[in-house]
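The structure appears below as structure tokens.
The figures that follow rest on heavy atoms only: side chains count, while hydrogens, waters and symmetry mates do not. Note on naming: letters A, B, ... go to the chains in the order of the sequence lines (proteins, then strands), and numbering restarts at 1 for each one. All values reported here derive from a predicted model rather than from experimental measurement.
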Number of protein chains: 2
Amino acid sequence: MTTAKTRGISILLVDDHPVVRQGYRRVLEHQDDFRVVAEADNAAEAYRAFKAHAPNVVVMDISMPGASGLEAIRNIRARDADARILVFSMHSEAAQVKAAFGAGASGFVTKGSEPAELIQAIRSVARGEHAMSGDVARVLALQSLAPTKSALDQLGEREIEILRQLAAGSTKEQIAENLNLSTKTVQNYHYLIKAKTGMRTDAQLVRLAVECGLANL
Amino acid sequence: MTTAKTRGISILLVDDHPVVRQGYRRVLEHQDDFRVVAEADNAAEAYRAFKAHAPNVVVMDISMPGASGLEAIRNIRARDADARILVFSMHSEAAQVKAAFGAGASGFVTKGSEPAELIQAIRSVARGEHAMSGDVARVLALQSLAPTKSALDQLGEREIEILRQLAAGSTKEQIAENLNLSTKTVQNYHYLIKAKTGMRTDAQLVRLAVECGLANL
DNA sequence: ATGCAGATCGGGAAATTTGCCCGAGGGAAT
DNA sequence: ATTCCCTCGGGCAAATTTCCCGATCTGCAT
């Protein structure tokens with residue numbers, strides 16, 4: 001609550017990879033009106049740091065262990081509806097982008113973008129605007145044209161969770177236990193997922209999950 | 001071919017994300033005996049840059065489009081068997097680590113490591129030693145205790161072919177047709193593959209296939 | 001020659017799972 | 001209040017998996 005607003009942009013960096021974070025910090029601090037005031041490597045830490053430092057912009061990688069990135073965004077926005085959060089992700093899946101904005105992010109830049117794009121996006125977000133890198137905009141534009149429901153939109157939350165665990169290699173029994181469901185229910189979800197997405201094979205489901213950023217590798 | 005060896009360590013940075021690359025560059029150049037002499041964002045470019053600059057160490061992210069990271073390592077090593085390549089990856093899957101070393105890498109550090117670990121690894125590799133971060137070593141140690149025969153060695157040619165098509169998303173009927181086999185035979189192979197590899201789920205088979213380079217994506 | 005090992009190909013039968021339909025309960029929206 | 005959708009599971013025939021088996025064919029050592 002100092003004179004943060006009057007001069008420069010204060011930034012909270014959230015990424016679970018120390019080296020990566022260190023790298024960003026150096027890139028960002030090269031701009032002399034940027035100040036990285038805190039770092040965090042998980043959702044809970046990010047929330048604490050936000051409360052403690054009230055940064056102008058949060059730059060966050062949402063692919064953190066536990067898929068907690070979206071949670072972190074929601075938590076921060078719940079505390080401060082004016083919080084500016086710029087998501088900085090490896091992927092540019094339409095579903096992920098929409099989920100991020102839906103959770104309250106103000107911007108979305110992929111790690112494939114030029115540093116200048118990230119820097120510009122941070123300035124835009126700090127100004128209260130929305131920002132996204134060119135590739136993200138292109139992906140969103142394309143999929144808004146196609147009537148393809150992104151395959152995942154037609155799935156409920158439970159279905160998505162089960163799809164992810166399926167793709168992760170869990171057996172139906174394990175999933176049933178993880179989620180406190182009967183094996184039968186998991187079987188039914190499995191069937192429904194295949195029916196809704198049009199996939200015939202489990203292998204195709206895995207590929208779909210990977211494409212949608214639900215599973216890695 | 002200048003006085004590169006006498007003073008400091010010259011480095012070629014390979015990563016397909018410009019921002020990430022920029023970040024590493026700053027982290028590395030903070031060490032005053034490190035010099036990043038070139039960057040590349042794909043396998044072909046990496047090879048060209050290696051030829052042009054003959055760096056002491058190549059720091060490479062192998063998760064690049066086209067799964068070409070291992071190719072790049074092999075190409076570079078084919079040209080210069082003394083090339084020092086340090087892989088810098090998001091993941092620490094045992095299979096990936098072994099593939100990297102098998103292709104000729106001298107080190108493997110995950111992005112989850114502290115910057116100091118990366119820097120130390122670079123020095124080790126430059127000295128001609130092998131290096132890996134603690135988490136990678138742990139993963140390797142654990143799985144070396146298991147008598148896993150690399151999973152694919154125990155599979156016959158036909159089994160591997162069927163595994164690949166399975167992982168590619170083909171149905172058993174399609175595979176049977178492709179290979180002029182009865183559906184029954186394909187089912188039997190499917191069963192045998194699962195039995196031999198110890199995988200319980202089709203999704204696990206897909207992951208195995210991807211890890212072993214049988215399938216991409 | 002002979003035998004052994006192993007890869008390839010498929011049949012058979014029991015056990016399990018899938019495919020598909022159905023109903024019930026809860027919550028959100030109208 | 002009513003409708004809609006998500007969640008959760010039962011039921012049952014059809015399909016698949018699991019595991020066993022035998023038949024070729026090849027290479028390779030005896």
Side-chain angles (χ1 to χ4, degrees), chain A residues 67 70-71 74 78 95 98-99 102-104 147 149-209 212 214, chain B residues 147-209 212 214:
Chain A
L70 294 177
E71 270 312 307
R74 268 187 281 268
K98 289 167 105 173
K149 288 293 183 220
S150 170
L152 285 197
D153 298 359
Q154 49 195 325
L155 267 48
E157 204 175 317
R158 229 42 298 207
E159 291 163 337
I160 289 186
E161 178 58 28
I162 285 175
L163 171 58
R164 177 166 63 207
Q165 298 203 28
L166 239 21
S170 307
T171 66
K172 294 193 223 324
E173 287 75 16
Q174 290 172 329
I175 296 174
E177 200 177 333
N178 290 343
L179 302 179
N180 264 110
L181 297 176
S182 87
T183 303
K184 180 64 194 185
T185 300
V186 176
Q187 285 175 7
N188 275 333
Y189 276 120
H190 182 203
Y191 166 71
L192 278 180
I193 292 166
K194 282 198 279 189
K196 285 188 181 179
T197 60
M199 300 297 162
R200 307 207 151 281
T201 293
D202 281 0
Q204 292 176 346
L205 281 182
V206 173
R207 303 173 92 76
L208 176 71
C212 295
L214 272 186
Chain B
T148 318
K149 287 281 186 237
S150 167
L152 283 198
D153 301 0
Q154 48 195 327
L155 265 49
E157 205 175 316
R158 236 14 339 188
E159 290 163 338
I160 288 186
E161 178 58 27
I162 285 176
L163 170 57
R164 176 164 62 208
Q165 299 203 26
L166 239 20
S170 307
T171 66
K172 293 193 226 321
E173 287 74 18
Q174 290 172 329
I175 296 174
E177 200 177 335
N178 290 343
L179 302 178
N180 263 110
L181 296 175
S182 87
T183 303
K184 181 65 197 187
T185 301
V186 176
Q187 285 175 5
N188 276 333
Y189 275 120
H190 182 202
Y191 167 70
L192 277 180
I193 293 167
K194 282 197 279 188
K196 285 189 181 178
T197 59
M199 300 297 163
R200 308 206 152 283
T201 291
D202 280 0
Q204 292 176 345
L205 281 182
V206 173
R207 303 173 90 77
L208 177 70
C212 295
L214 274 185

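Atom P of nucleotide C:dA7 and atom CG of B:L163 are separated by 16 Å, given to the nearest angstrom. Whole-Å rounding puts the B:K196 NZ to D:dT17 P distance at 18 Å. The CG atom of A:D202 sits 11 Å away from the C1' atom of C:dT18 (whole-angstrom rounding). A straight line from CZ of A:R158 to P of C:dG26 spans 16 Å, rounded to a whole angstrom. As rounded to whole Å, 12 Å separates atom P of D:dT18 from atom CD1 of B:I193. Residue B:I162 contributes atom CD1, which lies 12 Å from atom C1' of C:dG10 at whole-angstrom precision. Whole-Å rounding puts the A:I175 CD1 to C:dT17 C1' distance at 15 Å. Atom CE in A:M199 sits about 19 Å away from atom C1' in C:dT18, given to the nearest Å.
In this structure, CG in B:L179 is found 10.5 Å from OG1 in B:T185, a value given to the nearest 0.5 Å. Annotation: the span from A:Q187 atom CD to A:E173 atom CD amounts to 7.5 Å, rounded to 0.5 Å. Note that OG1 of A:T197 and CG of A:L192 are 10.5 Å apart. Values are rounded to the nearest 0.5 Å.
The main-chain N or O of B:K194 is never found under 3.5 Å from a side-chain atom of B:R200 such that the two would form a donor-acceptor pair. Panel note: side chain A:S182, backbone A:K184; a donor-acceptor pair is recorded below 3.5 Å. Checked by atom type and distance alone, the side chain of A:Q204 pairs as donor or acceptor with a backbone atom of B:G169 at under 3.5 Å.
Annotation: proximity of residues 177-192 of chain A to DNA chain D (heavy atom, distance under 4.0 Å) is found for A:L181, A:S182, A:K184, A:T185, A:N188, A:Y189, numbered in ascending order.
The two atoms that bring A:L163 and A:I193 nearest to each other are N-CD1, 3.9 Å, heavy atoms only.
Across all strands shown, A:E173 has heavy atoms under 4.0 Å from sugar-phosphate atoms exclusively, and none from any base.
Within the structure, every side-chain polar atom (N or O) of B:K172 is placed at least 4.0 Å from both OP1 and OP2 of D:dA15. For A:K194 and C:dG19, the shortest distance from a side-chain N or O to OP1 or OP2 is below 4.0 Å.
Here the side chains of A:R158 and A:L181 are in contact, with some heavy-atom distance below 4.5 Å.
With respect to B:R164 and B:E161, a salt bridge is recorded, a charged nitrogen being found less than 4.0 Å from a carboxylate O.
Between its two ends, the helix from C:dA1-D:dT30 to C:dT30-D:dA1 turns its axis by 30°, counting five pairs per end and rounding to 10 degrees.
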